[in-house]
Every structure is written in C-alpha cells, then in structure tokens.
Amino acid sequence: DKAPLSKSLLLVPSTLSLLLTLLLPHCQKFFVYDLHAVKNDFQIWRLICGRIICLDLKDAFCSGLLIYNFRIFERRFGSRKFASFLLGSWVLSALFDFILVEAVQYLLGVTVASNLPSGFLAPVFALFVPFHCSIPRVQVAQILGPLSITNKTLIYILGLQLFTSGSYIWIVAMSGLISGMCYDRRVLQVHQVLCIPSRLAQFFSWALEPIFSSSEPTSEARVGMGATVDIQRQQRMEQLDRQLMLSQFAQVRRQRQQQGGMINWNRLFPPLRQRRNINYQEGPRSEQRAPPPLEVSEEQVARLMEMGFSRGDALEALRASNNDLNVATNFLLQH
C-alpha cells in the first residue's frame, strides 16, 4: 500500500533473475557486470544491464527483503523523491565502483576480478544511510546485559548477510554507502542534478502505478516482526496501549477545540506531566508552586526534527510521552 515503486523493484528484478537462472542460462552473459569490458571495450551497456538483474538468487532474495523493509521511505517521501534517491545513488555508485577498484589496485597492489556482483545492489546499500539516520531505534528485547534487540537489528543482520555473500560484493556495498551519503548530505547539489523530472514522474504514475499499486488494507494493523511469540505478544500490548493513549488525546483535543480552550495536559497525562498550564484554568488557582517541566533529550528532539516536525511540536510530544520517542513519533505522524 502506497509503495508501488518498491513493489515493482521487488517483483520485476526477482522474476527476471529466476528466468535467467532457470530458463535462459545462456543469456546470463549479457547481464554480467564486467568493469574491464566497460573500460577496455567500451561496453557501456553493461553499466545498465549488469547493475539491474541479480545473477545470484541468494543476492536477489536478500536485496528483495531489504527493499520490502525500506518501502517506508517511499511512503514517507513519496514515489518521486524515493525514485530520485535510487537513481542518484545508482549513478554515483557506478563512478565509485571504478574509483574503488583502481584504488585497491594502486594502493594495495591487489588485482580485483573483472566481474563484480551484478544486480540492483548499490542503491539497496545506499538506503542504509537514511535508515540509520532517520528511523528511530526502539528496543524490543534485552539480551546478555548491554546487548539488546531493536526494531532495526534484523535489517542490519540481513544487510550483513548480503555484504558477506560474495568475494567482491564489499566494493559494491562501499560504493553504495558512499553514494547514499553523498546524496543524503546533498554533496555538490547532486540531489538537484540526479532527480526524476516531474513530467516523467507523472507519466510513470499514470502508466505503471495502476499495475503495481495496492489498495489500503482494511484488516487489523499488523504488528512488527518479532523473533518469538512472546515478543510479538509484547509488541501487540504496547501497540494497543499507544493507540489508547492517542485516542484519548485526540478526544480531549477535539473537545477543547470546540470549547475554544487549550488542552489540559495534566488531566490527560497525570503520571507523565505534573506542571501547571498557565493558559488553562479549571477552578481556583493553587498557591503551591508547580514542579519544573520535564527535561527533554535534545538528541530525541533532533531526531524528530530530522523527520520534518517543528521543534515546538517535538518538545510537546516528548514531554507528553515522558521522553518515549516511539510514542511521540506515532502521535506526531497521526496528528
């Protein structure tokens, strides 16, 4: 739902990989990512064919799972901006592939094989940059003292599996990470040069979106992927608690907006916020001095501001949720 580009990247390259492996093995030579052939024989077309289709089925499977998990960026930024990021990282990574191969041969004296792993791998590794920077880290379980399982642990493990699946895939991974950082940090304004034109985006939206789009699910919302049944049960309980808190807040806010007043945070979150709102009075004022406001982590405020929320909204949401970043994020996204 709301991620047609991710769905197309998940279905089309995987289907072509299966066809080339099972039915058309004699055509695999046209999709080999051979840098020496590109450099010496000027086979520029290999920069396109060799960097789209995975000839290794396990690489196609791992990259498909990662694209499925990274669909959150298409839902957050829109298909055009998501496609621009993939295009920019895909183009930049081709340049960094040549630079890394030449650097390894010049500095270390190691001759890299002419064939690098093929497929849409570099943009997948590039998506780890916004995933690490913008997705909040929520603890799911605690193991072995300081070690903990979070909502991002399985994605990192899957990326490590893909990183170690071949001899020279680390070159493609490094070029993807570097290109992702360059595009995400807007180095040399590459985000303005390597972007999808609006007319082209409208054309593909009109032509391909009806094919790959999905209707919004009407069933109960799914919980996060847990390692055990106990973790999934805990996630369900936490999700129900957050939904109850958010529904209570939305109901109180609607009532106050209809009455023309402000929200009484103390009434809504008595154990979380114990300060007095000077703009809202309900009965006579108490002469006792109110306790100081709750201290908010600047790191969590910065994370919410990176998602596009204002500083004031981030502060209010964190104070209302007792510095619970996940609850504050859910509230700001739904209201």
Side-chain angles (χ1 to χ4, degrees), residues 1-3 6 10 61-77 82 85 121 123-165 173-174 176-177 180-181 184-185 220-246 272 294-309 314-315 317-334:
D1 175 47
K2 299 179 182 179
S6 300
L10 181 62
F61 178 75
C62 292
S63 60
L65 287 179
L66 289 172
I67 290 174
Y68 174 78
N69 285 278
F70 289 148
R71 73 194 187 280
I72 183 176
F73 295 113
E74 184 177 5
R75 292 174 173 174
R76 177 181 296 182
F77 302 132
F82 182 67
F85 181 89
L121 301 176
V124 173
F125 282 104
L127 285 170
F128 275 98
V129 176
F131 178 75
H132 176 75
C133 298
S134 62
I135 301 300
R137 178 178 175 272
V138 180
Q139 181 176 333
V140 177
Q142 191 82 18
I143 58 173
L144 299 179
L147 299 179
S148 61
I149 298 177
T150 68
N151 58 326
K152 304 167 71 172
T153 302
L154 294 178
I155 309 302
Y156 287 133
I157 292 177
L158 188 59
L160 182 62
Q161 170 66 29
L162 184 60
F163 184 83
T164 58
S165 62
M174 292 298 297
L177 292 173
M181 288 187 288
D184 187 68
R185 302 301 177 183
E220 186 179 6
R222 298 184 300 272
V223 298
M225 181 170 52
T228 63
V229 177
D230 292 336
I231 294 178
Q232 293 180 358
R233 186 181 297 110
Q234 180 183 358
Q235 290 175 344
R236 169 62 65 186
M237 296 295 295
E238 292 176 353
Q239 185 181 26
L240 292 176
D241 291 340
R242 296 189 190 103
Q243 291 177 353
L244 179 61
M245 181 185 299
L246 294 175
L272 302 182
L294 178 68
E295 294 183 0
V296 178
S297 172
E298 289 296 332
E299 180 181 359
Q300 294 181 345
V301 174
R303 288 190 180 182
L304 291 176
M305 293 178 65
E306 289 177 356
M307 298 180 192
F309 304 114
L315 288 172
L318 287 171
R319 287 169 181 166
S321 59
N322 197 20
N323 279 331
D324 191 325
L325 182 60
N326 194 30
V327 175
T329 304
N330 290 336
F331 163 72
L332 290 174
L333 290 175
Q334 297 183 18

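Numbers for residues simply follow the sequence, beginning at 1.
A distance of 13.0 Å separates CD1 in Ile155 from CG in Leu160, rounded to the nearest 0.5 Å. Between the CG atom of Leu162 and the CD1 atom of Ile157 there is a distance of 14.0 Å, given to the nearest 0.5 Å. Atom CZ in Phe125 sits 7.0 Å away from atom CZ in Phe163 (nearest 0.5 Å). Taking CG from Leu66 and CG from Leu10, the interatomic distance works out to 11.0 Å, rounded to the nearest 0.5 Å. Phe73 contributes atom CZ, which lies 13.0 Å from atom CD1 of Ile67 (distance to the nearest 0.5 angstrom). Distance CG/Leu158 to CG/Asn69: 7.0 Å, rounded to 0.5 Å.
Scanning all heavy atoms of the two residues, the minimum distance from Thr153 to Thr150 falls at OG1-N, 2.9 Å. The minimum heavy-atom distance between Ala126 and Gly180, with the atom names listed, is CB-CA, 3.7 Å. Across all non-hydrogen atoms, the minimal contact from Lys152 to His132 is NZ-O, 3.5 Å.
A distance of 6.0 Å or more separates the ring centres of Phe85 and Phe77. Taking the ring centroids of Phe131 and Tyr156, they lie under the 6.0 Å cut-off.
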Handout entry: ring pair (Phe, Tyr, Trp, His ring centres under 6.0 Å) assessment of Phe70 paired with Phe82
Key = CA-CA 10 Å; Phe70 289 148; Phe82 182 67; 8.8 Å; no

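By the side chain to side chain donor-acceptor pair (under 3.5 Å) test, Ser134 is found to be paired with no residue, residues two or more places apart in sequence or in another chain being considered. Considering only residues two or more places apart in sequence or on other chains, Thr164 meets the side chain to side chain donor-acceptor pair (under 3.5 Å) condition with none of them.
Counting only heavy atoms from C-beta outward, the side chains of Leu315 and Gln300 never approach each other to under 4.5 Å. By the 4.5 Å heavy-atom criterion applied to side chains, Pro130 and Met181 are not counted as neighbours.
In Phe61, the CZ atom is not crowded: 12 or fewer heavy atoms of neighbouring residues, nucleotides or ligands sit closer than 6.0 Å.
Put simply, the side chain of Glu74 gets close to the backbone of Ser6: a donor and an acceptor are under 3.5 Å apart.
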